[in-house]
J.: 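I am attaching a structure below and will ask some questions about it afterwards.
FYI, side chains are in, hydrogens and waters are out, and symmetry mates aren't considered; it's all heavy atoms of this structure.
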Amino acid sequence: MSKSHGVPLRLSQADRARYAALITLTDSCAIWVGAIGSDGYGRFSVQWPDGRQRTVTPHQVAATLAVGPLVAGVTLLHDCDVRLCVRVAEGHLHVGTQAENAQQAARRGRMRGPRPGLVDVRGKVGQSRAIQKALRASPDRSPAGLA
């Protein structure tokens with residue numbers, strides 16, 4: 001989940017090229033293989049023309065490339081529940097509202113906090129790193145092969 005503050009991303013050709021180089025396609029998802037933040041979501045640094053840098057999530061970049069500038073207050077929802085997925089398509093990543101995000105989380109049982117037997121013991125960051133490690137180690141890009 002990523003909430004837009006309405007500040008348009010300024011993506012140079014160099015930013016776009018770096019971004020594309022950090023995506024690995026699987027049979028179902030487009031997985032970010034770059035830096036990961038403490039929340040398990042990816043991180044990407046964008047260089048502005050004046051030399052400043054802005055750190056954003058890769059799914060913000062993906063949504064911007066797919067649908068254009070994100071207006072203030074929109075939220076990006078991961079339908080596939082893979083924090084590193086940047087595929088903007090039905091069943092993966094789409095633009096929505098925070099209310100929709102909360103409804104989706106409640107439907108999936110994520111609003112109650114950790115539940116014994118249903119928690120990934122690696123944590124959010126550990127889970128994301130495990131996905132990246134599996135991608136590097138396996139030539140099989142299918143969901144079953146990556147499981």
J.: For Glu90, look at atom CD and say whether over 12 heavy atoms of other residues, nucleotides or ligands are found less than 6.0 Å away.
T.: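 Counting neighbours around CD of Glu90, 12 or fewer heavy atoms of other residues, nucleotides or ligands fall under 6.0 Å, so no.
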J.: Applying salt bridge (charged side-chain N to carboxylate O under 4.0 Å, His left out), can you list everything that pairs with Arg129, at least two apart in sequence or on another chain?
T.: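 For Arg129 there are no salt bridge (charged side-chain N to carboxylate O under 4.0 Å, His left out) partners, ignoring immediate neighbours.
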J.: For Arg83, give me all partners under salt bridge (charged side-chain N to carboxylate O under 4.0 Å, His left out), at least two apart in sequence or on another chain.
T.: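 Counting only residues at least two positions away or on another chain, Arg83 forms no salt bridge (charged side-chain N to carboxylate O under 4.0 Å, His left out).
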J.: Are the side chains of Ser28 and Cys80 in touch, meaning some heavy atoms are under 4.5 Å apart?
T.: no
J.: Sequence neighbours excluded, which residues qualify as side chain to side chain donor-acceptor pair (under 3.5 Å) partners of Gln103?
T.: none
J.: Which heavy atom of Leu9 sits nearest a heavy atom of Arg54, and at what distance?
T.: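 That closest heavy-atom pairing would be CD2-NH1, 3.5 Å.
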J.: How many angstroms lie between atom OG1 of Thr26 and atom CG of Leu84, to the nearest 0.5 angstrom?
T.: 11.5 Å
J.: Under the side-chain contact (heavy atoms from CB on, under 4.5 Å) rule, what do Val61 and Val86 come out as? Steps first, then yes or no, please.
T.: CA-CA 8 Å; Val61 176; Val86 295; over 6 Å; no
J.: Looking only at heavy atoms, what is the nearest atom pair of Val46 and Val56, with distance?
T.: CG2-CG2, 4.0 Å
J.: Could you grab the distance from atom CD of Gln47 to atom CZ of Arg10, nearest 0.5 Å is fine?
T.: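 Output value for this atom pair is 12.0 Å.
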J.: Nearest 0.5 Å, what's the CD-CG distance between Gln104 and Asp79?
T.: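 Between atom CD of Gln104 and atom CG of Asp79 there are 5.0 Å.
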J.: Can you list the residues that meet the side chain to side chain contact (heavy atoms under 4.5 Å, CB included) rule with Val88, with sequence neighbours excluded?
T.: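 So Val88 forms a side chain to side chain contact (heavy atoms under 4.5 Å, CB included) with Ala62, Ala66, Leu93.
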J.: What distance separates Thr75 OG1 from Gln98 CD, expressed to the nearest 0.5 Å?
T.: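 One gets 4.5 Å once the value is rounded to the nearest 0.5 Å.
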J.: Where do Glu100 and Gly96 come nearest, in terms of heavy atoms and distance?
T.: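 Between these two residues, the closest heavy atoms are OE1-CA, 2.9 Å.
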J.: Between His59 and Tyr41, how do the two ring planes meet: parallel, tilted or perpendicular, split at 30° and 60°?
T.: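 Geometry flag for Tyr41 against His59: tilted rings.
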J.: Indicate yes or no: at least one non-hydrogen side-chain atom of Tyr19 is less than 4.5 angstrom from one of Leu65.
T.: yes
J.: So, His92 side chain and Val82 main chain: donor-acceptor pair closer than 3.5 Å or not?
T.: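 Side chain of His92 to backbone of Val82, a donor-acceptor pair under 3.5 Å: no, none is there.
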J.: Heavy atoms only: give me the nearest Ala63-Leu70 pair and the separation to one decimal.
T.: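 That would be CB-CD2, 4.1 Å.
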J.: So do the side chains of Ile23 and Val33 get within less than 4.5 Å of each other, counting heavy atoms only?
T.: no
J.: Hey, what do you get for CG (Asn101) to CG (Leu77), rounding to the nearest 0.5 Å?
T.: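 Reported to 0.5 Å precision, the distance equals 4.5 Å.
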J.: Distance-only, no hydrogens or angles: does the Asp15 side chain make a donor-acceptor pair with backbone N or O of Ser12 under 3.5 Å?
T.: yes
J.: With sequence neighbours excluded, what pairs up with Gln13 under the side chain to side chain donor-acceptor pair (under 3.5 Å) test?
T.: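 Gln13 satisfies side chain to side chain donor-acceptor pair (under 3.5 Å) with no other residue.
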J.: Please evaluate residues Phe44 and Gln60 with respect to the criterion side-chain contact (heavy atoms from CB on, under 4.5 Å), reporting the C-alpha separation (whole Å), side-chain torsions for both, the decisive distance (0.1 Å), and the verdict.
T.: CA-CA 9 Å; Phe44 184 68; Gln60 284 176 295; over 6 Å; no
J.: At their closest point, which heavy atom of Ile36 faces which heavy atom of Ser128, and how far apart are they?
T.: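 Heavy atoms of Ile36 and Ser128 come nearest at CD1-CB, 3.7 Å.
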J.: Applying side chain to side chain donor-acceptor pair (under 3.5 Å), name anything that partners Arg43, two or more places apart in sequence or on another chain.
T.: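 Counting only residues at least two positions away or on another chain, Arg43 forms a side chain to side chain donor-acceptor pair (under 3.5 Å) with Asp39.
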